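Notes to accompany the following structure.
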Amino acid sequence: MQLIDGKKISQQLKDEIAEATSQRKQKGLKAPHLTVILVGEDGGSQTYVRMKVKACEQVGFKSSKIDYPDTVSEEELLGKIKEINANDDIDGLLVQLPLPKHISEEKVIETIDPSKDVDGFHPISMGKLVAGMPTFLPATPAGIMELLERYQIDTEGKHCVVLGRSHIVGTPMTLLMSRKAKPGNATVTMCHSRTKNLEEITRQADIIIAALGAPEFLKADMVKEGVVVIDVGTTRVKSDKTKSGWKLKGDVAFDEVAEKASYITPVPGGVGPMTIASLLKNTLKAVEMKEQ
């Protein structure tokens, strides 16, 4: 069994982005500028945003953070997004999800200028992904593809089972793994909460990408020997063994599944760090696309 080290690969990717940014500055070109909007006091969201801002500093990007209370009106938030769309100095914009219930996530995503949509959630970005056209890939699926590529994991002709059908991970992952590319060219089965005979399907899989948000859902008796397992799950569960009183759990029962896997990602330290590195890669791409 080989552990897929997301921390190590994300650092490689960040080093490459930092080098590209340094070269831009030497040529007199602007540093990429990412703006993050955070609404409310959600602890998880605040942590993610802090990590994104810190990552920008590490690679030499300019970043700005805009905070709103969770009482902010939808109208005010959409107005701010339109203002950022019109600001030529800002190359990438993301609004941290989830949002308070009175604000439509769909409206927010649709209002972001597709050329600044570094999260890859805009319908135009998604449509281009479906059509196989160049676009911003959602950061988590992009990070997973990067891991598969850098670990030289063979995906061609393999049976890949994706657990989960979200627009953020499951659906784009299914498209990326099936497209004519490397990594890719896999035969993909997407499973979800209504799938019957799930264990039968997962036991046939050469590659399993688990993105359900159900802690330790995938057990050893659900996988075959030699399977490649990518665990996207990050659920906070109570723990008396940590200072914070919480522990991050993936969708995979790691200890038992690892014994059968050829490659497996840990939680934390697997897919998570790759998501932020991919977001930086998209922001660099955004500024480069503007200059073409």
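Because the structure is a prediction, the values reported are computed rather than measured. In what follows, residues are counted from 1 in the order of the sequence shown.
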Donor-acceptor contact below 3.5 Å, side chain S125 vs main chain F121: no
- prompt: Between K14 (side chain) and V59 (backbone), is there a donor-acceptor pair under 3.5 Å?
  reply: no
query: Around K25, counting heavy atoms of other residues, nucleotides and ligands shown, do more than 12 lie under 6.0 Å from its NZ?
result: yes
task: With sequence neighbours excluded, give me every salt bridge (charged side-chain N to carboxylate O under 4.0 Å, His left out) pair touching residues 122-138.
output: none
message: With a 3.5 Å distance limit and no angle check, can you tell me whether T155 reaches the backbone of A186 through a side-chain donor-acceptor pair?
response: no
Salt bridge flag under 4.0 Å for residues E110 and K107: no
message: Do L279 and Y48 sit in one hydrophobic cluster, given that two such residues count as connected whenever their side-chain heavy atoms are within less than 4.5 Å of each other, even indirectly?
response: no
field: Q23 and E19 side chains, donor-acceptor separation under 3.5 Å
entry: yes
task: Following the transitive rule for hydrophobic clusters with a side-chain heavy-atom cut-off under 4.5 Å over Ile, Leu, Val, Met, Phe, Trp and Tyr, establish whether L137 and L97 coincide in one cluster.
output: yes
Residue that, paired with D91, satisfies salt bridge (charged side-chain N to carboxylate O under 4.0 Å, His left out) out of K62, K30, K285: K30
field: Sequence-distant partners of D5, side-chain hydrogen bond (donor to acceptor under 3.5 Å, both in side chains), two or more places apart
entry: none
Which residues share a side chain to side chain contact (heavy atoms under 4.5 Å, CB included) with E216, sequence neighbours left out: K219, K249, A253
field: More than 12 heavy atoms of other groups within 6.0 Å of E291 CD
entry: yes
query: Would you say the side-chain atoms of D42 pair up with the backbone N or O of S45, donor to acceptor, closer than 3.5 Å?
result: yes
- request: Might you confirm whether atom NE2 of H167 has over 12 heavy atoms from other residues, nucleotides or ligands at distances under 6.0 Å?
  value: no
- prompt: So which pairs with a foot in residues 250-264 pass side chain to side chain donor-acceptor pair (under 3.5 Å), sequence neighbours left out?
  reply: none
message: Working note: D113 + L93, criterion side chain to side chain contact (heavy atoms under 4.5 Å, CB included); need CA distance, chi angles, decisive distance, verdict.
response: CA-CA 8 Å; D113 181 337; L93 166 64; over 6 Å; no
- prompt: Which residue pairs pass the side chain to side chain donor-acceptor pair (under 3.5 Å) test when at least one of the two sits in residues 226-236, sequence neighbours left out?
  reply: none
- prompt: In terms of hydrophobic clustering (I, L, V, M, F, W, Y; side-chain heavy atoms under 4.5 Å; direct or indirect links), are V53 and M51 co-clustered?
  reply: no
- prompt: Roughly how far, to the nearest 0.5 Å, is CD1 of I9 from OG1 of T265?
  reply: 12.5 Å
- prompt: Which residue pairs pass the salt bridge (charged side-chain N to carboxylate O under 4.0 Å, His left out) test with at least one member in residues 190-199, sequence neighbours excluded?
  reply: none
field: Derivation of the side chain to side chain contact (heavy atoms under 4.5 Å, CB included) call for I66 and I84
entry: CA-CA 11 Å; I66 298 165; I84 292 166; 3.7 Å; yes
message: Please report the interatomic distance NZ(K224) to CG(D206), rounded to the nearest 0.5 Å.
response: 4.0 Å
task: For Q11 and D15, test the side chains for any donor-to-acceptor distance below 3.5 angstrom and give the result as yes or no.
output: yes
- prompt: Within the distance-only criterion (no hydrogens, no angle test), does the side chain of T171 pair as donor or acceptor with the backbone N or O of R165 below 3.5 angstrom?
  reply: yes
query: Does CG belonging to D89 count more than 12 external heavy atoms closer than 6.0 Å?
result: yes
- prompt: Between NZ of K8 and OH of Y151, what distance do you get to the nearest 0.5 Å?
  reply: 4.0 Å
task: Any chance you could lay out the side chain to side chain contact (heavy atoms under 4.5 Å, CB included) test for T187 and K158, step after step, and finish with the verdict?
output: CA-CA 6 Å; T187 300; K158 303 293 184 187; over 6 Å; no
message: Looking at K54, I'd like to know if its NZ atom is crowded, meaning that more than 12 non-hydrogen atoms belonging to other residues, nucleotides or ligands lie closer than 6.0 Å.
response: no
message: Grouping I, L, V, M, F, W and Y whenever their side-chain heavy atoms are under 4.5 Å apart, do L218 and V267 come out in a common cluster?
response: no
- request: Could you grab the distance from atom CD of Q96 to atom OG1 of T47, nearest 0.5 Å is fine?
  value: 9.5 Å
- request: Supply the atom-to-atom distance K281 NZ to I17 CD1, rounded to the nearest 0.5 angstrom.
  value: 7.5 Å
query: Is a donor on one side and an acceptor on the other found under 3.5 Å between the side chain of K247 and the backbone of K241?
result: no
message: Assigning hydrophobic clusters by single linkage (Ile, Leu, Val, Met, Phe, Trp, Tyr; side-chain heavy-atom cutoff under 4.5 Å), is L198 placed with M190?
response: no
query: Is any side-chain N of the basic residue among R203 and D221 closer than 4.0 Å to the acidic one's carboxylate O?
result: no
- prompt: Are P100 and V39 close enough that some pair of their side-chain heavy atoms sits under 4.5 Å apart?
  reply: yes
query: CG/L94 to CD1/I109 distance, rounded to the nearest 0.5 angstrom?
result: 11.0 Å
- prompt: Which is it for C160 and V162 under the side chain to side chain contact (heavy atoms under 4.5 Å, CB included) test, yes or no, and what are the steps along the way?
  reply: CA-CA 6 Å; C160 173; V162 178; 4.1 Å; yes
- prompt: Are E16 and R150 ion-paired here, with the side-chain N under 4.0 Å from a carboxylate O?
  reply: yes
